[in-house]
Amino acid sequence: MHLVPADRADRRTIDGHRVCEAIEAIGDAEHVRTWADRFSLLADPKRLALLLALHRTGPLAVSDLAIATGMNDPAVSQALRLLRAAGVVAGEKEGRIVRYRVVDEDVRLLLKHCVADGG
């Protein structure tokens with residue numbers, strides 16, 4: 001039980017070796033927080049719809065995303081602002097048009113699984 005933190009070392013365990021494996025699997029608390037933040041971004045159906053559209057089609061402008069998802073332009077812009085701040089999407093400006101694409105490789109892999117499962 002070498003991985004059990006000192007503040008929990010006095011607790012009775014049933015399968016001590018599995019407790020250590022579980023602690024190792026959980027890993028660093030900051031890593032867990034990063035993934036929880038990613039999942040919270042994906043938990044909103046409208047943001048997920050935007051990401052699925054971008055994942056499948058590649059770069060799209062706000063107005064095109066609004067049509068594709070049934071959202072209005074300001075709602076798409078707000079969602080993209082959150083996703084951009086989190087480093088999930090990036091915009092590329094071409095004249096007056098900004099097209100967005102998914103840039104977070106981990107999120108891209110998650111989206112690939114969503115699409116593969118019929119999503």
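Residue indices begin at 1 and follow the sequence shown.
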**Request:** Flag the pair L82 / R47 as yes when at least one side-chain heavy-atom distance between them is below 4.5 Å, and no otherwise.
**Result:** yes
**Item:** Main-chain N/O of V102 paired with R108 side-chain donor or acceptor, under 3.5 Å
**Value:** yes
**Prompt:** Do C114 and L52 come within less than 4.5 Å of each other through their side chains, counting heavy atoms only?
**Reply:** yes
**Request:** Would you please classify the geometry between the W35 ring and the H31 ring as parallel, tilted or perpendicular, with 30° and 60° separating the classes?
**Result:** perpendicular
**Request:** May I ask you to decide whether D64 forms a salt bridge with R99, counting only side-chain N to carboxylate O separations under 4.0 Å?
**Result:** no
**Request:** Examine V98 and L83 and state if one hydrophobic cluster contains both, with Ile, Leu, Val, Met, Phe, Trp and Tyr joined whenever side-chain heavy atoms are less than 4.5 Å apart.
**Result:** yes
**Prompt:** Same cluster or not: are L111 and F39 linked, directly or through other Ile, Leu, Val, Met, Phe, Trp or Tyr residues, by side-chain heavy atoms under 4.5 angstrom apart?
**Reply:** yes
**Message:** Let me confirm one number: the CG-NE2 distance from L48 to H55, rounded to the nearest 0.5 Å.
**Reply:** 11.0 Å
**Asked** Can you get from V76 to L42 by hopping between Ile, Leu, Val, Met, Phe, Trp and Tyr side chains that sit under 4.5 Å apart?
**Response** yes
**Request:** Taking the side chain as every heavy atom from C-beta outward, state whether V88 and L41 have any pair of such atoms under 4.5 Å apart.
**Result:** yes
**Item:** Which residues share a side chain to side chain contact (heavy atoms under 4.5 Å, CB included) with I23, sequence neighbours left out
**Value:** L3, V4, P5, V19
**Asked** Hey, does the side chain of R84 reach the backbone of A79 with a donor-acceptor pair shorter than 3.5 angstrom?
**Response** no
**Message:** Would you say that R12 contacts I14 through its side chain, given a criterion of any heavy-atom pair below 4.5 Å between the two side chains?
**Reply:** yes
**Prompt:** Any donor-acceptor pair under 3.5 Å linking the side chain of D15 with the backbone of R18?
**Reply:** no
**Fill in**
In this structure, CD of E30 is separated from CZ of R33 (nearest 0.5 Å) by 8.0 Å
**Message:** Restricting to non-hydrogen atoms, name the atom on A90 and the atom on V103 that form the minimum distance, rounded to 0.1 Å.
**Reply:** CB-CG1, 3.6 Å
**Request:** Decide yes or no for L60 and Y100: does some side-chain heavy atom of the first lie under 4.5 Å from some side-chain heavy atom of the second?
**Result:** no
**Item:** Heavy-atom side-chain proximity of L110 to L51 below 4.5 angstrom
**Value:** no
**Prompt:** Is the number of heavy atoms from other residues, nucleotides or ligands under 6.0 Å of E24 CD greater than 12?
**Reply:** no
**V107 vs R38 side-chain heavy atoms within contact, under 4.5 Å** = yes
**Prompt:** Does the side chain of T69 come within less than 4.5 Å of K46's, by heavy atoms?
**Reply:** no
**Prompt:** Closest heavy-atom contact between N72 and A66?
**Reply:** C-CB, 4.1 Å
